[in-house]
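Notes for the one structure printed next.
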Amino acid sequence: MSTKTSPSIRVRFAPSPTGYLHIGGARTALFNYLFARKHGGTFILRIEDTDRERSTQPAIQAIFDGLRYLGLEWDEGPGKEGDFGPYFQSERLPRYTRYVDQLIQQGKAYRCFCSRERLDELRQRQSAAKDRIQYDRRCLQLSMDDSDRRAKAGEPFVVRFRVPEGATVVDDLIRGKVHVEHKEIEDLIIQRGDGTCVYNFAVVGDDHEMGITHVIRGEDHLSNTPKQVLLFQALGFPVPSYAHIPLILAPGGGKLSKRHGAVAVTDYHEKGYLPEAMINFLVRMGWSFDDKQEIFGLPELIEKFSLEHVSKSGAMFDLKKLEYLGAYYMRQRSVGDFVQLAIPYLRKAGFVREADLERERGRIEMMLELAKSRVACVSQIVDEVRFFFEDPAILDEGALKVIRKHKEALPLVEQYAAKVAAAVPEEAWRPGQPAVLEAQARELIATQGAQLGDLAQPLRAVLTGRSATPGLFEVMSILGRAACLRRLAKAKNFFGSA
RNA sequence: GGCCCCAUCGUCUAGUCAGGCCUAGGACAUCGGGUUUUCAUCCCGGUAACAGGGGUUCAAAUCCCCUUGGGGUCACCA
């Protein structure tokens, strides 16, 4: 499989289960997965559920479902206990208080007794004065004795990390050296009033204890990184490598949100986008291989992926590109596959009932074969085959145009109906065998000196209510004799109303 | 607003690190043509970009600086 093997590489995808699995999160997971597989490393899933207010069980499930849908199996994580569990951050939190105590002992952290009110006030003042919005280190002045006494007396406090003097350089694998002055960083809270640790501290503990070697995450975490690096150093832990990948932007630029349509991977799953299409789509937002190849399957990506080819600028979400990829991969699938995928959608649409499935199977497979190359995701099949199940009540816009253009074609259509009715009995009418029907049409137009289109187009409009369908005679053969003649009998209504 | 990141066709990008091979390549979208009973597919072709300004250099899309623009981040959220 992979040429280089570095069993020591360990990466994690660490989503917080608030809401849904965002498409950007899925791409982060993908990049982590590819990096791990490429280097023979370990891909870990860690659920960062420490925000008790917002973390939900459905959101956790959505993460599992989303990753499985995309085929990104984790090596360690919930349901796959390894030697570095637990894999829910909430269960790991208690173990980090000792690190906090250690830091306090060493003078690298201190208790802060400031009230939220004072902090709010301070922020307001700084904001009004256009100063840096930062804690003023008032409690750093407290003596250890004072601090201990007040804590013992039960006075509420948080613990802050004492940011040292100097500057930190993060050597990001994608961005290069990112230089930050420590005076830009405030003494961040690492332990809350209730004794639990805050995210920035917990990730450091988690990443260290889980042996994470490479942190691959969204660029929105870039400004957190110097703080975390400082924490690693204060704790005496080795600092992992970082790679901050660009964000996925909304079509107009800016943050991609529900306002722009589906952003949750489960949405795409439900719509029936093929996982291979999603993978290809996601990976190409921010990563490329060369100036030739656009189509990549997961195994090939594992071989070809590299962080060096991840771009630095944000990528706008382009639904058209997804649709293209969706349609492309749909065409690659076998008819058998497609039938399996499509039937649930047909049943949901009420087109087939369980009881009729076996009897109808042949016809259904034929119509799905015709429709397969015309959809970008499985759910689109419903509108694509609707006319097979429902007689058209009205004509769509295109069909209306066709009828108007062929106003004088009604007699031709009716002659064809009569001719077919006479010449093609039920036994000769075989689904999937359009030749008889086409022969009848060609015979007729030959006697009238017309083009095939002069008959076929209005015929299609009347039979399906549409101007665009798969091959007309194939459609007719599948539709069946009774349905065709029934629909054709209504031809003059459509011509009359057009 | 402070700090950080980014900047090639409408979009995703190749080329930038190791300056010349770039009259800037590909894909999506778009426009035109071919095939076809329509549509889709498929094939052929077109339009379309180095944000602006200064440097450095024999030579800059590529290196440096400034400007502009976009994004991120500044919580007892993660």
Side-chain angles (χ1 to χ4, degrees), chain A residues 14-18 48-55 89 112 116 119 123 126-127 130-134 156-160 170 172 174-176 178-181 183-186 188-194 196-200 202-203 218-226 244 246-247 249 251 253-255 281 284-295 308-309 311-325 327-328 331 370-375 384 398-399 402 438 441-442 445 451-457 459-461 464 466-473:
Chain A
S16 55
T18 55
E48 308 217 320
D49 59 343
T50 40
D51 183 341
R52 279 132 191 191
E53 304 282 297
R54 298 192 302 154
S55 295
Q89 192 171 59
C112 171
R116 288 180 201 246
L119 262 20
R123 266 193 284 269
Q126 290 170 332
S127 163
K130 293 202 163 113
D131 279 345
R132 240 192 292 278
I133 299 173
Q134 228 172 56
F157 65 87
V158 298
V159 177
R160 288 182 184 273
V170 178
D172 191 274
I174 291 168
R175 266 144 237 287
V178 178
H179 189 266
V180 179
E181 295 287 332
K183 63 170 191 265
E184 300 294 342
I185 307 171
E186 75 167 348
L188 61 150
I189 292 170
I190 56 177
Q191 189 180 74
R192 300 187 185 90
D194 66 3
T196 59
C197 291
V198 126
Y199 166 76
N200 271 126
V203 252
E219 194 189 346
D220 50 338
H221 284 280
L222 188 55
S223 54
N224 273 328
T225 309
H244 288 92
L247 266 20
L249 276 16
K255 209 173 161 194
F281 176 64
R284 285 293 286 107
M285 279 194 283
W287 178 85
S288 60
F289 179 64
D290 59 15
D291 62 342
K292 293 275 174 279
Q293 194 174 356
E294 299 284 340
I295 300 294
E308 290 81 71
H309 281 94
S311 61
K312 296 182 203 163
S313 48
M316 285 192 204
F317 181 90
D318 182 4
L319 187 64
K320 286 275 171 52
K321 188 79 162 258
L322 206 213
E323 296 257 299
Y324 167 77
L325 256 9
Y328 172 83
R331 278 180 253 122
L370 295 180
K372 185 168 80 84
S373 65
R374 318 162 76 82
V375 298
E384 212 55 52
V402 166
E438 181 168 349
R442 290 196 185 274
I445 58 163
Q451 298 293 308
L452 185 55
D454 296 333
L455 169 61
Q457 293 198 63
L459 206 49
R460 164 180 292 109
T464 67
R466 301 186 185 198
S467 59
T469 72
L472 178 64
F473 303 108

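A, B, ... follow the sequence lines: proteins, then strands. Residue 1 opens every chain.
- Nucleotides B/A14 and B/C9 have their P atoms positioned 12 Å apart, rounded to a whole Å.
- At B/A78, none of the side-chain N or O atoms of A/Thr18 fall inside 4.0 Å of OP1 or OP2 (strictly under the cut-off).
- For B/A75, neither phosphate oxygen OP1 nor OP2 lies less than 4.0 angstrom from any side-chain nitrogen or oxygen of A/Arg192.
- Using a 4.0 Å heavy-atom distance criterion, A/Asp131 is classed as making no nucleic acid contact.
- A/Arg123 comes within 4.0 angstrom of sugar-phosphate atoms only, judged by non-hydrogen atoms across all strands, and of no base.
- A/Leu472 comes within 4.0 angstrom of a nucleotide base, judged by non-hydrogen atoms across all strands.
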Item to check | Residue pair A/Phe289, A/His309: steps toward the side chain to side chain contact (heavy atoms under 4.5 Å, CB included) verdict | outcome: CA-CA 7 Å; A/Phe289 179 64; A/His309 281 94; 5.9 Å; no
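- Base pairing annotation: B/A7 forms a Watson-Crick or G-U wobble pair with B/U68, both donor-acceptor distances under 3.5 Å.
- A/Thr469 has no side-chain polar atom (N or O) that falls below the 4.0 Å cut-off from OP1 or OP2 of B/U38.
- Taking atom P in both B/G46 and B/G52, one finds a spacing of 26 Å when rounded to whole Å.
- In terms of phosphate contacts, A/Tyr324 brings a side-chain nitrogen or oxygen within less than 4.0 Å of OP1 or OP2 of B/C28.
- Within the shown strands, nothing qualifies as a pairing partner of B/U38 under the Watson-Crick or G-U definition with both distances less than 3.5 Å.
- Between A/Ser313 and A/Pro246 there is no side-chain heavy-atom pair separated by less than 4.5 Å.
- Rounded to whole Å, the C1' atom of B/U68 lies 28 Å from the corresponding atom of B/A29.
- Counting any heavy atom pair closer than 4.0 Å across all strands shown, A/Ser467 reaches a base atom.
- Figure legend. B/U30 is base-paired to B/G46; pairs are counted as Watson-Crick or G-U wobble with both atom distances under 3.5 Å.
- Taking atom P in both B/C74 and B/C64, one finds a spacing of 29 Å when rounded to whole Å.
- Applying the Watson-Crick and G-U wobble criteria (two distances, each under 3.5 Å), B/C22 pairs with nothing in any strand.
- Counting heavy atoms from C-beta outward, A/Met285 and A/Phe281 have side chains that approach closer than 4.5 Å.
- With C1' as the reference atom, B/A18 and B/U23 are 25 Å apart, rounded to whole Å.
- A salt bridge links A/Glu219 to A/Arg175: one of the charged nitrogens lies within less than 4.0 Å of a carboxylate oxygen.
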Next on the checklist: Does A/Arg192 form a side chain to side chain donor-acceptor pair (under 3.5 Å) with A/Thr196? I'd like the steps, not just the answer.
Outcome noted: CA-CA 5 Å; A/Arg192 300 187 185 90; A/Thr196 59; 2.8 Å; yes
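- Here A/Ser311 reaches the OP1 or OP2 of B/U13: one of its side-chain N or O atoms lies under 4.0 Å away.
- At B/C42, one or more side-chain N or O atoms of A/Arg331 fall inside 4.0 Å of OP1 or OP2 (strictly under the cut-off).
- Contacts of A/Gly314 with the nucleic acid, taken as non-hydrogen atoms under 4.0 Å apart, involve only primed sugar atoms and P, OP1 or OP2.
- If you take atom P in B/G32 and the same atom in B/C22, they sit 32 Å apart, rounded to whole Å.
- If you take atom C1' in B/C77 and the same atom in B/G15, they sit 41 Å apart, rounded to whole Å.
- A distance of 9.0 Å separates NZ in A/Lys372 from CZ in A/Arg331, rounded to the nearest 0.5 Å.
- Nucleic acid contact for A/Gln457: sugar-phosphate only, since backbone atoms but no base atoms lie under 4.0 Å from a heavy atom of the residue.
- Distance noted for atom P between B/A59 and B/G19: 15 Å (whole Å).
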